[in-house]
Amino acid sequence: VGIYVINLENKIVLFDLPTYSKELEKYLIEKKKPITAFLSHGSTGIPDGKIWQKNLALKIYLHEADQNNSWLSLKPDILFKDIPFIDKNIEIIHTPGHSKGSICLDDHETKTLLTGDTFGGTKKGTVKDFRIEDARNDIPKRLLSCKKVLNYDFKTVLPFHYEPIIGSGKKALQDFINVVGI
C-alpha cells in the first residue's frame, strides 16, 4: 500500500494515509507547514486515518461522490467536487470506476501520475488487468477513466497498490487500452 508525501513550498500534501508511523509523524511536524491529505477513494485512510487526523490536525479531502462509501472509517474535513489544482503543478483528475469518487493526481512538473486504485502496474512494467483482479467495481467507468488520463502528460505511474511503472507509464496504459479495445 502506497502513501505519497508531496513537500510543496507552503504546505505538505499526503495522497492517501499510511499506517501510523512515529517517524513519519516526526518528519511531517519538523517541516512546520500545514498538512492536507487527499484520499484517492472513500476507503483509504483506514484504520489509522483517525490517528493522523488527530495528531497532525491535518485537513482530509475526499471527493463528494465517495462520502457514503461503506468502507469510509473517518470523517473527511472537506468534500470536494471540482478542485482542479492542489497547487500550480498538481492537478486532480476525477477517475470514477474503482469507486464513484476515485481520483488521480497529475504532477505536471515531474510527469508523474499518482493513481490511487484507478490502475497500477505489474513487475513486467505493464498495467495490471483489474477487470479480473478487481471485478467488483464499475469496470466500464474505470476503463473510461483510464482512457481519460491518457490526455495528460505523464511518464511515471505511482499506484496505491501494485507496482509502479517508472518512465513508461503512459505507454503501458495505452497498450492496455489498445488490448481492451475501448
Side-chain angles (χ1 to χ4, degrees), residues 1-8 12-21 23-24 27-28 37-49 52 60-63 66 69 71-73 86 89-182:
V1 173
I3 164 69
Y4 298 100
V5 178
I6 306 166
N7 188 5
L8 300 171
I12 293 177
V13 175
L14 304 177
F15 190 54
D16 291 325
L17 294 172
T19 301
Y20 178 75
S21 155
E23 293 81 22
L24 181 56
Y27 168 82
L28 294 169
F38 284 81
L39 301 183
S40 65
H41 59 290
S43 62
T44 53
I46 56 176
D48 293 345
W52 287 112
I60 297 178
Y61 289 72
L62 177 70
H63 193 282
D66 271 351
N69 188 311
W71 292 356
L72 186 62
S73 67
I86 294 174
N89 290 314
I90 302 173
E91 186 173 357
I92 296 173
I93 308 165
H94 183 213
T95 55
H98 180 69
S99 73
K100 292 176 183 175
S102 288
I103 62 168
C104 293
L105 298 185
D106 182 30
D107 184 332
H108 298 292
E109 186 175 11
T110 64
K111 296 190 183 294
T112 301
L113 186 69
L114 306 175
T115 63
D117 280 350
T118 299
F119 70 96
T122 69
K123 290 184 185 213
K124 296 177 184 175
T126 60
V127 170
K128 189 166 193 73
D129 193 345
F130 53 77
R131 297 171 305 155
I132 298 163
E133 305 253 340
D134 196 13
R136 68 184 181 277
N137 308 130
D138 189 331
I139 299 302
K141 274 190 183 171
R142 197 165 175 183
L143 289 167
L144 288 173
S145 289
C146 286
K147 192 171 181 179
K148 174 183 178 179
V149 299
L150 286 172
N151 294 316
Y152 293 82
D153 185 20
F154 63 93
K155 292 182 179 178
T156 295
V157 168
L158 299 177
F160 186 66
H161 295 289
Y162 310 117
E163 301 292 326
I165 306 171
I166 308 298
S168 61
K170 188 168 186 171
K171 181 185 179 320
L173 182 57
Q174 183 64 65
D175 292 346
F176 177 73
I177 295 296
N178 290 345
V179 167
V180 172
I182 61 164

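As the structure is a computational prediction, the values presented were derived from the model and not from experiment.
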Any salt bridge (Lys or Arg N to Asp or Glu O under 4.0 Å) involving residues 157-172? Give me the pairs, sequence neighbours left out, ordered by first then second residue.
Lys171-Asp175
Restricting to non-hydrogen atoms, name the atom on [X] and the atom on [Y] that form the minimum distance, rounded to 0.1 Å.
X: Phe15; Y: Ile103; result: CZ-O, 3.7 Å
X: Leu173; Y: Cys146; result: CD2-O, 3.4 Å
X: Ala172; Y: Ile165; result: CB-CD1, 4.0 Å

Donor + acceptor pair across side chains of His41, Asp66 (<3.5 Å)
no
Any chance the side chains of Asp16 and Ser40 put a donor and an acceptor closer than 3.5 Å?
yes
Would Glu91 and Tyr152 count as a side-chain contact (heavy atoms from CB on, under 4.5 Å) here? Give the steps.
CA-CA 10 Å; Glu91 186 173 357; Tyr152 293 82; 3.6 Å; yes
Say whether, by atom type as modelled, one donor and one acceptor occur between the side chain of Tyr4 and the main chain of Pro159 under 3.5 angstrom.
yes
Can any side-chain N or O of Ser145 pair as donor or acceptor with the backbone N or O of Pro96 at less than 3.5 Å?
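Yes: the side chain of Ser145 pairs with the backbone of Pro96.
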If the condition is salt bridge (Lys or Arg N to Asp or Glu O under 4.0 Å), which residues does Lys111 pass it with, not counting sequence neighbours?
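Here the qualifying residues are Asp153.
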With side chains defined as the heavy atoms from C-beta onward, is the minimum distance between [X] and [Y] less than 4.5 Å?
X: Ser102; Y: Asp117; result: no
X: Val157; Y: Tyr162; result: no
X: Ile86; Y: Tyr61; result: no

Got a sec, which residues hit side-chain hydrogen bond (donor to acceptor under 3.5 Å, both in side chains) with Asn151, two or more places apart in sequence or on another chain?
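In terms of side-chain hydrogen bond (donor to acceptor under 3.5 Å, both in side chains), with neighbours along the sequence ignored, Asn151 is linked to no residue.
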Does NZ in Lys141 sit with more than 12 non-hydrogen atoms of other residues, nucleotides or ligands closer than 6.0 Å?
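Not buried by this count: 12 neighbours or fewer within 6.0 Å.
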